[in-house]
Structures are given as structure tokens and as C-alpha cells.
> 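Take this structure first; my questions come after.
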Amino acid sequence: MKKLPIFSALDLETKDQALSLVQSTQNYVQAYKIGPRLFLSYGKKLIADIKQLAPSAQIFLDFKFYDIPSSTVEAVRSAFQAGADFVTVHAGVGQETLNLLYQLECELSQERFFKILFVTVLSSASPSSETEKVVFNLADSVYKTGLKGLVCSPWEAKALRDKYPDVFLVTPGIRCEGDSKGDQKRVMTPLKALQAGSSALVMGRSLITHPNLEDFLRKLSQLLEK
Ligand code: C5P
């Protein structure tokens with residue numbers, strides 16, 4: 001079965017809950033996103049357990065690193081060594097760090113697939129007249145360094161896709177019609193976000209709290225494949 005470009009956020013309390021979600025979604029989703037909440041409790045073993053259950057799933061460590069150059073570089077290297085396929089760094093981390101991360105991504109990609117995703121403006125931030133400008137300033141500095149992975153809200157996806165046709169654009173802030181936004185502000189439906197140019201959708205609450213997950217994913221799959 002063809003997987004959907006969905007990164008399922010494992011925003012859950014326990015490893016058992018996370019593995020149960022992996023079990024029921026692995027035929028559909030491309031990657032699992034692990035944040036500090038689960039990783040600080042279960043560590044690298046969680047990645048091994050997910051890989052055992054779902055060998056073809058990619059692992060996305062979402063720690064949003066933001067530190068001095070040497071610390072950021074070594075944190076990203078550790079994420080790679082822990083088994084991550086994707087890792088997040090704040091796009092405003094600074095040019096010196098971006099240059100080092102470009103070299104690191106090139107080096108690590110010789111071994112296997114690995115992409116650093118640079119977080120621009122959180123999808124939980126209220127939109128303002130400055131939002132797109134700030135996102136573009138951050139994206140420009142990442143792109144001109146040679147790096148191609150960006151995280152933004154779906155609201156900026158079309159403009160970024162138009163400007164940088166070859167970026168890998170990951171968009172959280174995904175909600176289906178009628179879903180509660182929760183703390184997210186700049187949200188869009190899965191179909192519209194993909195049409196706007198997202199490469200992959202981060203889905204947390206809309207997916208993990210769904211009462212009939214497999215049915216939901218089957219219908220989403222039919223919708224997105226049209
Ligand atoms: O539940 P919901 O779909 O809003 O979850 C979104 C997920 O994406 C959360 O795990 C959050 O940490 C993450 N995320 C985000 N905005 C970013 C980067 C990551 O919401 N810019």
C-alpha cells in the first residue's frame with residue numbers, strides 16, 4: 001500500500017500508547033514524530049521498538065535545537081546516531097551554525113537518508129502582517145546555505161513552494177473540517193495543505209484522538225489520492 005505523506009506526532013503519555021498507534025497506522029503513515037515528552041522517558045529504545053514494529057517507517061525527532069554552533073552540530077549528529085531520519089533545528093540558529101549543518105547533512109547523507117528540518121514560525125503563533133516576511137527571512141537564510149528542509153504552517157506553504165520549488169516543506173497545523181484547533185492558529189485541512197505545496201503533513205491530535213483511526217486513514221487515503 002502506498003503510504004501517505006503524513007508524519008504522525010506521537011504526542012502521547014506512554015510507550016504502550018505510542019506503539020499501539022504505530023501498530024494501527026503503519027500501513028498509512030510515512031513517519032513518526034517523537035518529541036521530548038516520550039524521548040525523555042523512553043530514550044533510544046523507543047526508536048528501536050518502533051522500527052521493529054514498522055521497519056519501513058521513518059523517524060522524526062522533533063527537539064527544535066537552538067544552541068551555539070558546536071552544541072547544535074553535535075546534538076544533530078546524536079539524533080542521527082540515535083536513528084533519526086529527520087531532526088528539527090530552529091531556522092534562526094545563525095549563519096555559522098547553518099554552514100556547519102550543511103556540511104554535516106552532506107556527510108551523514110552519504111551513510112543513509114537524513115534531513116534537517118528548519119523550523120520557521122510556529123503554526124501556533126497568531127498570524128500578523130509580519131508573519132510571512134519573518135518566515136521568508138528565515139527560509140532564505142536556510143536555503144541560500146544549501147539546506148532544503150523547512151517547517152512552516154500551511155498558510156505559508158504556497159508562497160514558499162512558488163519561490164523554492166525544490167524545498168522539502170513540512171507543515172504542522174493540520175486540521176480536518178470541524179476539528180478543534182486547540183492551540184494551533186494557522187491551520188489547514190490535509191488536502192488543502194498538500195495542494196498548497198506541503199511535502200509532508202504533521203498530524204497530531206486530529207489523527208491520534210480519532211475514535212476510528214483505520215477508517216479515518218482509509219478515507220483520507222482515498223481523498224488524497226484522487
Ligand atoms: O496536535 P497537533 O496536530 O496540533 O500537533 C502538532 C505537532 O507538531 C506537535 O507535536 C507540535 O510539537 C509539532 N509542531 C508544531 N509546529 C511546528 C513544529 C512542530 O505544531 N512549527
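Just so you know, ligand 1 is whichever comes first in the structure, and atom 1 is the first atom listed for that ligand. Because only heavy atoms are used, hydrogens play no part in the values below, and waters and symmetry mates are left out as well, while side chains stay in.
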> Out of Ser123, Ser8, Gly204, indicate the one that has the non-hydrogen atom closest to atom 16 (N) of ligand 1.
Ser123

> May I ask you to check whether Ser206 has an N/O atom sitting below 3.5 Å from an N/O atom of ligand 1?
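The answer is no, given that Ser206 and ligand 1 share no N or O pair closer than 3.5 Å.
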
> Going through the checks in order, is the ring pair (Phe, Tyr, Trp, His ring centres under 6.0 Å) test met by Phe118 and Phe168?
CA-CA 10 Å; Phe118 291 87; Phe168 189 81; over 10 Å; no

> Specify side chain, backbone, both or neither for Val119, according to which of its non-hydrogen atoms lie closer than 4.0 Å to ligand 1.
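It is the side chain that gets close, since no backbone atom is under 4.0 Å.
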
> In the protein, which heavy atom is nearest to atom 19 (C) of ligand 1, and how far is it?
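Result for atom 19 (C) of ligand 1: Lys64 NZ, 3.3 Å.
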
> Report the member of Val202, Leu207, Thr88, Leu117 with the shortest heavy-atom distance to atom 7 (C) of ligand 1.
Val202

> Taking Val121 as the starting point, is it possible to reach Leu98 by hopping between hydrophobic residues whose side chains are less than 4.5 Å apart?
yes

> If you measure from each non-hydrogen atom of Thr120 to ligand 1, which part falls under 4.0 Å: side chain, backbone, both or neither?
neither

> Relative to ligand 1, is Gln184 under 4.0 angstrom through side chain, backbone, both or neither, heavy atoms considered?
side chain

> Among all protein heavy atoms in this structure, tell me which lies nearest to atom 11 (C) of ligand 1, with the distance rounded to 0.1 Å.
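Residue, atom and distance for the closest contact: Lys33 NZ, 3.9 Å.
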
> Among all protein heavy atoms in this structure, tell me which lies nearest to atom 21 (N) of ligand 1, with the distance rounded to 0.1 Å.
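Nearest neighbour among protein heavy atoms for atom 21 (N) of ligand 1, to 0.1 Å: Leu122 CD2, 3.3 Å.
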
> Should one rank Pro172, Ala125, Gly173 by closest heavy-atom distance to atom 14 (N) of ligand 1, which comes out on top?
Pro172

> State whether the shortest distance between N or O atoms of Asp183 and N or O atoms of ligand 1 falls below 3.5 angstrom.
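No, there is no polar N/O contact under 3.5 Å.
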
> Specify the protein heavy atom at minimum distance from atom 9 (C) of ligand 1: its residue, its atom name, and the distance to 0.1 Å.
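Going atom by atom, the protein heavy atom closest to atom 9 (C) of ligand 1 ends up being Asp11 OD2, 3.3 Å.
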
> Do the side chains of Ile47 and Leu61 get nearer than 4.5 Å, heavy atoms only?
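A side-chain contact exists here, since the closest heavy-atom pair is under 4.5 Å.
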
> Ion pair present between Glu132 and Arg186, side-chain N to carboxylate O less than 4.0 angstrom?
no

> Kindly assign one of parallel, tilted or perpendicular to the pair Phe216 and His210, based on the angle between their ring planes and the thresholds 30° and 60°.
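The rings of Phe216 and His210 lie parallel, inter-plane angle below 30°.
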
